[in-house]
Amino acid sequence: MIAEHSGMPSESSFARLALAEHASMLADAAYHLVPTTRDSDARQGEYVAATAPLAAAARRLLELAVTFERIKGTSWEQIGLGLSISRQAAHERFGQAERDFRERFLRAWLQPACADEVLVSVDRLTDIADRLRTSIASRRDPDDQTATIQLEPMSDLERSSLIARASHMLKTLATDQQLSDSDRYELELGLCRRKIELYEDLAAQDPENTELREALAGARARLAELVN
């Protein structure tokens with residue numbers, strides 16, 4: 001096979017794990033506010049100062065929750081209802097966070113070797129998931145053995161959708177003066193590889209599909225142009 005499989009879980013898995021990791025960090029950071037045994041030694045204003053960063057972290061947690069909900073298909077109307085605000089207000093407040101995450105995920109998918117620079121690599125994602133599983137196991141009810149962390153694989157349909165999104169992104173970036181030619185080249189190279197990866201997998205499932213074979217040949221030819 002020409003294209004190496006990216007091995008990335010689904011976009012919703014990335015978003016859900018980001019939410020889980022942030023929630024775990026917030027819970028750990030807030031725990032020191034629970035015991036009351038050191039209250040007599042606390043400085044004036046100490047608890048206010050300790051709580052202020054948690055408020056900011058909670059706002060970030062809400063952004064991650066909205067992003068995850070959006071990726072799994074929740075409407076802005078439903079998100080607004082959950083926050084007791086309008087659909088428009090929800091979109092204005094959280095739309096940019098969703099767009100930023102989706103773009104970073106797309107770039108990580110196109111360039112797995114540089115994923116840590118824009119989001120998180122698959123290897124580090126696995127490490128995070130393992131660490132969260134350990135944390136859950138240490139806290140969960142002994143009678144509940146179902147609570148854990150799961151990473152869903154990326155489906156062929158999602159890969160096809162990401163290819164369409166990436167193609168649109170590259171067209172949009174064609175006039176972006178802040179993007180260097182080398183960065184644009186690397187993104188197109190990644191898109192070609194992801195196309196070949198998908199088309200090869202689909203062709204193996206449906207070897208008689210002429211249209212698919214033509215698409216695969218076209219992607220291979222474009223890759224050859226880029227690397228030569």
Side-chain angles (χ1 to χ4, degrees), residues 1-18 21 67-68 70-73 95-130 150-228:
M1 293 177 66
I2 293 177
E4 180 183 357
H5 197 285
S6 63
M8 289 180 67
S10 68
E11 185 175 27
S12 63
S13 286
F14 266 77
R16 184 63 183 90
L17 195 62
E21 182 184 30
T67 296
F68 170 64
R70 287 290 299 156
I71 289 173
K72 73 187 187 75
Q96 188 61 51
E98 179 199 355
R99 289 190 292 273
D100 287 346
F101 183 90
R102 285 183 179 275
E103 181 175 334
R104 286 187 291 117
F105 176 82
L106 192 57
R107 288 172 178 264
W109 182 66
L110 292 175
Q111 299 176 272
C114 303
D116 267 334
E117 298 175 14
V118 292
L119 188 61
V120 58
S121 68
V122 174
D123 288 344
R124 196 157 70 85
L125 188 79
T126 301
D127 291 341
I128 293 170
D130 288 342
Q150 295 180 333
L151 300 178
E152 298 297 331
M154 191 180 292
S155 68
D156 291 343
L157 181 61
E158 181 176 5
R159 292 159 71 192
S160 179
S161 176
L162 288 172
I163 284 172
R165 280 170 51 189
S167 298
H168 176 73
M169 182 181 74
L170 280 171
K171 289 179 182 178
T172 302
L173 293 175
T175 57
D176 188 345
Q177 301 300 319
Q178 295 183 340
L179 186 70
S180 68
D181 290 340
S182 61
D183 287 342
R184 190 176 291 106
Y185 168 81
E186 290 297 332
L187 288 172
E188 185 173 1
L189 198 65
L191 176 57
C192 278
R193 287 171 172 160
R194 298 288 78 82
K195 283 182 177 179
I196 293 171
E197 172 189 293
L198 175 61
Y199 297 158
E200 285 181 338
D201 289 348
L202 294 177
Q205 301 170 30
D206 187 8
E208 302 302 320
N209 190 319
T210 303
E211 183 177 348
L212 189 56
R213 291 203 306 272
E214 291 175 353
L216 176 56
R220 285 171 170 167
R222 179 55 182 156
L223 180 63
E225 291 177 6
L226 289 171
V227 300
N228 293 331

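Not a single donor-acceptor pair under 3.5 Å links the side chain of Ser160 to the backbone N or O of Asp156. Between the side chain of Glu158 and the main chain of Glu11, a donor-acceptor pair closer than 3.5 Å is present. Here the side chain of Ser161 pairs no donor or acceptor atom with the backbone of Leu157 at under 3.5 angstrom. The main-chain N or O of Leu179 is never found under 3.5 Å from a side-chain atom of Asp183 such that the two would form a donor-acceptor pair. Side-chain atoms of Ser13 come within 3.5 Å of backbone atoms of Glu152 as a donor-acceptor pair (strictly under, hydrogens ignored).
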Just do the side chain to side chain contact (heavy atoms under 4.5 Å, CB included) check on Leu223 and Arg193 with the steps written out, would you?
-> CA-CA 7 Å; Leu223 180 63; Arg193 287 171 172 160; 4.2 Å; yes

From CA spacing to verdict: side chain to side chain donor-acceptor pair (under 3.5 Å), Asp201, Gln205 | CA-CA 7 Å; Asp201 289 348; Gln205 301 170 30; over 6 Å; no

Give the intermediate values and the outcome of side chain to side chain contact (heavy atoms under 4.5 Å, CB included) for residues Met8 and Phe14.
-> CA-CA 9 Å; Met8 289 180 67; Phe14 266 77; 3.5 Å; yes

Go through the steps to decide whether Trp109 and Ile163 satisfy the test side chain to side chain contact (heavy atoms under 4.5 Å, CB included), and finish with yes or no.
-> CA-CA 10 Å; Trp109 182 66; Ile163 284 172; 3.6 Å; yes

Check step by step if side chain to side chain contact (heavy atoms under 4.5 Å, CB included) holds for Arg102 and Leu106.
-> CA-CA 6 Å; Arg102 285 183 179 275; Leu106 192 57; over 6 Å; no

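A salt bridge between Arg184 and Asp181 is present, with a side-chain N of the basic residue lying under 4.0 Å from a carboxylate O of the acidic one. A salt bridge links Arg222 to Glu188: at least one charged side-chain nitrogen sits closer than 4.0 Å to a carboxylate oxygen. Comment: Glu103 does not engage Arg165 in a salt bridge, judged by the lack of any side-chain N to carboxylate O separation of less than 4.0 angstrom. Of the charged side-chain nitrogens involved, none lies within less than 4.0 Å of a carboxylate oxygen, so that Arg107 and Glu117 do not count as a salt-bridged pair.
Remark: Arg159 CZ to Ser10 OG distance equals 13.0 Å, nearest 0.5 Å.
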